[in-house]
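See below for the structure under consideration.
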Amino acid sequence: MATDTLKSKPGASGAGGLRRILLDNGALTALIVLVVAMSALSGDFLTADNLLNIGVQAAVTAILAFGVTFVIVSAGIDLSVGSVAALSATVLAWTATSEGVPVWIAVILAVATGLACGLVNGVLISYGKLPPFIATLAMLSIARGLSLVISQGSPIPFPDSVSHLGDTLGGWLPVPVLVMIVMGLITALVLGRTYIGRSMYAIGGNEEAARLSGLKVKKQKLAIYALSGLFAAAAGIVLASRLSSAQPQAAQGYELDAIAAVVIGGASLAGGVGKASGTLIGALILAVLRNGLNLLSVSAFWQQVVIGVVIALAVLLDTVRRKAGATPAAAGAAGGGGNRGKQALTYLLAAVVAAAVVAAMSFLHNGSDQAAKQKVGLSLSTLNNPFFVQIRQGAEQEAKKLGVDLTVTDAQNDASQQANQLQNFTSSGLSTIVVNPVDSDAAGPSVRSANKADIPVVAVDRGVNKAEIDALVASDNVEGGRMAARALGEKLGGEGSIVILQGQAGTSASRERGQGFAEGLEEFPGIEVVAKQPADFDRTKGLDVMSNLLQAHPDIEGVFAENDEMALGAAKALGSKAGKDVQVVGFDGTPDGLKAVEAGTLYASVAQQPTELGRIAVRNALDAAQGKDLKDLVKVPVKVVTKENVGSFGG
């Protein structure tokens, strides 16, 4: 039977012994090296607040990864945990708020949802004979779809009594960290001290041998995937508590982070090897990497590259370790107590080394001169969209002009990732923070933390709910939607059938633009909306969705897309009809959008002047840092740009 620990060959001593210790504890070694490197590169890394931030940021990934550890040890895979986490949180929020169910029952329903999803996975794999990859991939789609159906694509406020899971105890100890530790101890107990834990290693080591030895493999797999679903539900509740809302699009891609944490922690995708402590270390490595790279102002795109390299190195280390002669120790074999003693000694030495590093780096950075420049952090919802790229460009231009040190981060439309970035900004002691929220409600808790630290916050393009901001620099999305409806309605002469391409479900920009367009369309009762479909603010999806809609509605006369990217995709699908038989109106006034307006492919774009938004946001941020009074709302005018006036519009 395979196990979760590796035992070195006898006789290793001196340099060879040190090499063996490093190989057999590769993840722990990597974590120490990362801490040393980040401490040397950033004076903000080894602060108490930032170390707590790392714990909080690792919590959700670690809890998910603990559940995935069970699956991987048994030679399976679970790609659904991120979606199951989002669905469980959505069920809790929906039942407790919209349906008026008592909170304790709503929590039970959320946990039951996770268990049910895990059991379905187990049934499909054990009795349906589906490969784990296929079964859990299907559940990934089903759970995410149900989350969107229940929430109607909008975030649902989380009950206050449950939101305390995202708070701190005694004003300093984060509850998510405590939950992570408890779930880790449960994982270690299950793996090391229970019948089902030993069964996981047996199934992962050799499933056929496990079956022939009398294990009821099918029932064991049901329990294993049910545990994974249970842990996913717990992670979803913790995540939603941090954001004070259940986000239907939350935890996208987290299943990959969870699998990466397990693999980095020393588990084998072939099964039979893995342990709770290794998984925790793997999650901490990912959190330290992201935190440190944020503090060093490394692009989020490069962060993905770095994390990919780390995963590859972790697998390579496992290969090197095995070739070096590390041999699996039998689970429960004699000498297990000695192995545990050695492991405890290793962790103690690691703690001593870490403490020494903390002390040394604190001494080195203590008293170092701070730059005379004002430091401003800008957290953008995404940089995978020309509109927000222009905001960044305008902000960088203004920062250079004013002599401001500007750090820009990309949340990649992930409210949780943005919460992490804002926490990093707060612990770094920046002069002020500029935030373009992924979601106005989800940004609230992180902005409140900045409020407590007396760091001014300026919001750009979208506001922040339930927190204090010094100013909101924005154009009016609702009014822009009305203007788009008026422009399209007048162009069509007040009559005709149109379709609407909606933005990413759950985002305030999509809600507000859609609301404004619906209000503006009331002036034109002769215009009928025959279809509405989301295309996620993406040009390729706009092309695909528009192509599909044309099959059902070939005679449409107009299209409203909630951003220029989708409008350009729709125009591509329409071909020669765009600008002639079918009028397309976009939103944002991006360079590509304006070129299409000039060429006549798009009839119009509601332009928000994003470059100006960035400039004004940085200017207000600097004024806030200097204690000047700001207007609560700084409006940047929007305008409808058509072929007639596009030449005079500068963006």
Side-chain angles (χ1 to χ4, degrees), residues 60-92 95 106-147 150 179 182-184 186-187 189-191 194-197 199-201 203-204 207 215-240 246 250-252 254-259 261-262 267 269 271 274 276 279:
V60 173
T61 298
I63 295 168
L64 285 175
F66 289 140
V68 173
T69 301
F70 300 134
V71 177
I72 289 180
V73 164
S74 61
I77 198 75
D78 193 346
L79 299 177
S80 67
V81 289
S83 296
V84 172
L87 175 60
S88 299
T90 301
V91 167
L92 194 163
T95 53
V107 171
I108 293 174
L109 289 173
V111 172
T113 299
L115 278 170
C117 291
L119 285 171
V120 170
N121 283 334
V123 169
L124 291 174
I125 293 164
S126 297
Y127 297 96
K129 302 298 183 183
L130 287 181
F133 182 92
I134 300 300
T136 58
L137 182 63
M139 181 55 70
L140 178 153
S141 181
I142 292 168
R144 184 69 64 183
L146 287 174
S147 178
I150 293 170
V179 176
V182 170
M183 300 305 279
I186 292 172
T187 303
L189 179 65
V190 169
L191 287 173
T194 65
Y195 172 76
I196 188 174
S199 299
M200 292 175 192
Y201 289 113
I203 294 170
E207 183 173 331
L215 284 179
K216 296 179 179 179
V217 173
K218 290 183 178 180
K219 291 184 178 180
Q220 295 296 332
K221 284 189 175 181
L222 279 179
I224 290 166
Y225 282 92
L227 279 171
S228 181
L230 173 64
F231 275 64
I237 294 170
V238 171
L239 175 60
Q252 282 193 338
Y254 280 35
E255 56 278 347
L256 301 181
D257 278 357
I259 293 169
V262 178
L269 290 174
T279 296

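Just so you know, these numbers come straight off a predicted model, no measurement behind them.
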Measure across Ala250 and Ala86 and return the closest heavy-atom pair with its distance rounded to 0.1 Å.
O-CB, 3.6 Å

Might you point out which heavy atoms bring Ile237 and Ala110 nearest each other, and give the distance in Å?
CD1-CB, 4.2 Å

Hey, are the side chains of Met139 and Leu124 touching, using non-hydrogen atoms and a 4.5 Å cut-off?
no

Pairwise side-chain contact, Leu64 with Asp257, heavy-atom cut-off 4.5 Å (strictly under)
no

Closest heavy-atom pair, Gly184 versus Ala276, reported as atoms and distance to 0.1 Å, is O-CB, 3.8 Å

CG of Leu215 to NZ of Lys221: how many Å apart, nearest 0.5 Å?
12.0 Å

Trace of the side-chain contact (heavy atoms from CB on, under 4.5 Å) decision for Ile142 with Leu87
CA-CA 10 Å; Ile142 292 168; Leu87 175 60; over 6 Å; no

Starting at OG1 of Thr113, measure out to CD1 of Ile150 and round the result to the nearest 0.5 Å.
7.5 Å

Distance col, row Arg144:CZ vs Ser83:OG, nearest 0.5 angstrom, shows 4.0 Å

For a quick test of your reading: what N or O donor-acceptor pairs under 3.5 Å do the side chains of residues 66-74 make, sequence neighbours left out?
{"residue": "Thr69", "atom": "OG1", "partner": "Ala65", "partner atom": "O", "Å": "2.7"}
{"residue": "Thr69", "atom": "OG1", "partner": "Thr279", "partner atom": "OG1", "Å": "2.8"}
{"residue": "Ser74", "atom": "OG", "partner": "Phe70", "partner atom": "O", "Å": "3.2"}
{"residue": "Ser74", "atom": "OG", "partner": "Val71", "partner atom": "O", "Å": "2.8"}

OG1 on Thr95 to CD1 on Ile108, rounded to 0.5 Å:
11.0 Å

Shortest non-hydrogen contact between Ala240 and Ala246, atoms and distance
CB-CA, 4.2 Å

For Ala233 and Gly114, work out which heavy atoms get closest and say how close.
CB-CA, 4.0 Å

Please answer whether the main-chain N or O of Gly274 pairs with a side-chain N or O of Tyr201 as donor and acceptor at a distance below 3.5 Å.
yes

Please report the interatomic distance CG(Leu115) to OG(Ser228), rounded to the nearest 0.5 Å.
10.5 Å

Glu255 and Asp78: which non-hydrogen atoms are nearest, and at how many Å?
CB-O, 4.3 Å

Criterion side-chain contact (heavy atoms from CB on, under 4.5 Å) against Asn121, the qualifying member of Leu79, Ile224, Leu222, Thr136:
Thr136

Atom CG of Leu140 and atom CD of Gln252: how far apart are they, to the nearest 0.5 Å?
8.5 Å

Check for a donor-acceptor pair, side chain of Ser199 on one end and backbone N or O of Tyr195 on the other, with a separation under 3.5 Å.
yes

Would you call Val238 and Met183 a side-chain contact if the rule is heavy atoms closer than 4.5 Å?
no

